[in-house]
Amino acid sequence: QGQLIESGGGLVQTGGLLRLSCFATDRAIRSYNVGWFRQNSGKEREFVARINRRGSTTAYADSVLGRSTISRDSAKDTVFLQINNLKPEDAGVYYCAADDGWSADPAGYDVWGQGTQVTVSS
């Protein structure tokens with residue numbers, strides 16, 4: 001019955017900041033690893049960042065490394081993604097997903113949110 005719900009998408013400015021939230025309705029993200037992915041129209045879904053269940057370990061795609069932060073607040077059942085210095089290439093539909101594994105492969109994730117659209121002004 002659990003769901004993941006992304007929020008925070010919309011129109012953002014090139015060079016600005018993006019902050020997304022992933023809320024678990026049944027506290028699933030308190031016990032599972034969570035990844036963020038994005039997909040541009042006509043392209044494959046790509047890994048952005050992931051965080052382990054304790055929030056002690058993170059990993060980032062090269063495309064956002066050094067300007068992105070993934071974090072989680074178990075008390076709020078929420079995982080956050082922040083990307084600074086936005087580029088046009090950061091546009092797309094952003095998804096959060098949960099699994100008990102540790103992978104950057106979308107196929108390794110079992111539970112997905114519906115996604116939130118991010119448009120970057122150029």
Side-chain angles (χ1 to χ4, degrees):
Q1 291 185 324
Q3 290 182 289
L4 299 177
I5 304 174
E6 303 94 339
S7 62
L11 178 63
V12 292
Q13 187 178 35
T14 298
L17 181 148
L18 173 68
R19 184 158 48 207
L20 303 176
S21 299
C22 175
F23 173 71
T25 60
D26 67 349
R27 294 189 172 185
I29 61 173
R30 297 188 69 177
S31 59
Y32 285 89
N33 303 310
V34 174
W36 280 98
F37 301 81
R38 66 189 181 193
Q39 186 169 22
N40 296 109
S41 180
K43 299 181 179 180
E44 66 180 4
R45 189 168 300 182
E46 65 175 350
F47 166 76
V48 178
R50 65 183 188 268
I51 188 168
N52 74 339
R53 66 187 68 193
R54 296 182 179 180
S56 58
T57 303
T58 60
Y60 300 91
D62 290 341
S63 59
V64 299
L65 185 64
R67 61 186 183 95
S68 182
T69 301
I70 185 171
S71 60
R72 68 190 306 162
D73 186 341
S74 295
K76 297 182 178 180
D77 303 326
T78 303
V79 171
F80 304 95
L81 176 69
Q82 179 174 307
I83 304 177
N84 304 312
N85 191 25
L86 288 167
K87 304 175 181 179
E89 306 94 273
D90 292 322
V93 179
Y94 281 70
Y95 302 87
C96 65
D99 199 4
D100 60 355
W102 184 246
S103 176
D105 186 353
Y109 290 78
D110 298 318
V111 182
W112 291 81
Q114 293 184 336
T116 183
Q117 177 73 50
V118 174
T119 302
V120 181
S121 63
S122 60

Closest non-hydrogen atom pair, V34 against C96: CG1-CB, 4.4 Å

Shortest non-hydrogen separation from S21 to T78 and the atoms involved: CB-CG2, 4.0 Å

N/O donor-acceptor pair under 3.5 Å between E6 side chain and Q114 backbone: yes

Shortest non-hydrogen contact from L4 toward A24: CD2-CB, 3.8 Å

Residues which pass salt bridge (Lys or Arg N to Asp or Glu O under 4.0 Å) with E89, listed by chain and number, not counting sequence neighbours: none

Residues which pass salt bridge (Lys or Arg N to Asp or Glu O under 4.0 Å) with R19, listed by chain and number, not counting sequence neighbours: none

Pairwise ring-ring contact (aromatic ring centres under 6.0 Å, His included) hits with a residue in residues 83-122, at least two apart: F37-Y109, F37-W112

Shared hydrophobic cluster, F47 / I70 (ILVMFWY, side-chain heavy atoms < 4.5 Å): no

Distance, nearest 0.5 Å, that separates OG1 of T69 from CD1 of I51: 10.0 Å

Non-hydrogen side-chain atoms of Q82 and L17 separated by less than 4.5 Å: yes

Side chain T25, main chain Q3, donor-acceptor under 3.5 Å: yes

S63: side-chain contact (heavy atoms from CB on, under 4.5 Å) partners, not counting sequence neighbours: R38, A61

hydrophobic_cluster_shared for L11 and L86, side chain cutoff 4.5 Å: no

Contacts of S68 that satisfy side-chain contact (heavy atoms from CB on, under 4.5 Å) - sequence neighbours left out: Y60, V64, L81, I83

Selection residues 57-69 - residue pairs positive for salt bridge (charged side-chain N to carboxylate O under 4.0 Å, His left out), sequence neighbours left out: R67-D90

In one Ile/Leu/Val/Met/Phe/Trp/Tyr side-chain cluster, 4.5 Å: W36, F80: no

Q13 atom CD, over 12 foreign heavy atoms within 6.0 Å: no

Side chain N33, main chain G101, donor-acceptor under 3.5 Å: yes

Minimum side-chain heavy-atom gap S7-F23 below 4.5 Å: no

Side-chain donor or acceptor of S56 paired with backbone N/O of R54 under 3.5 Å: no

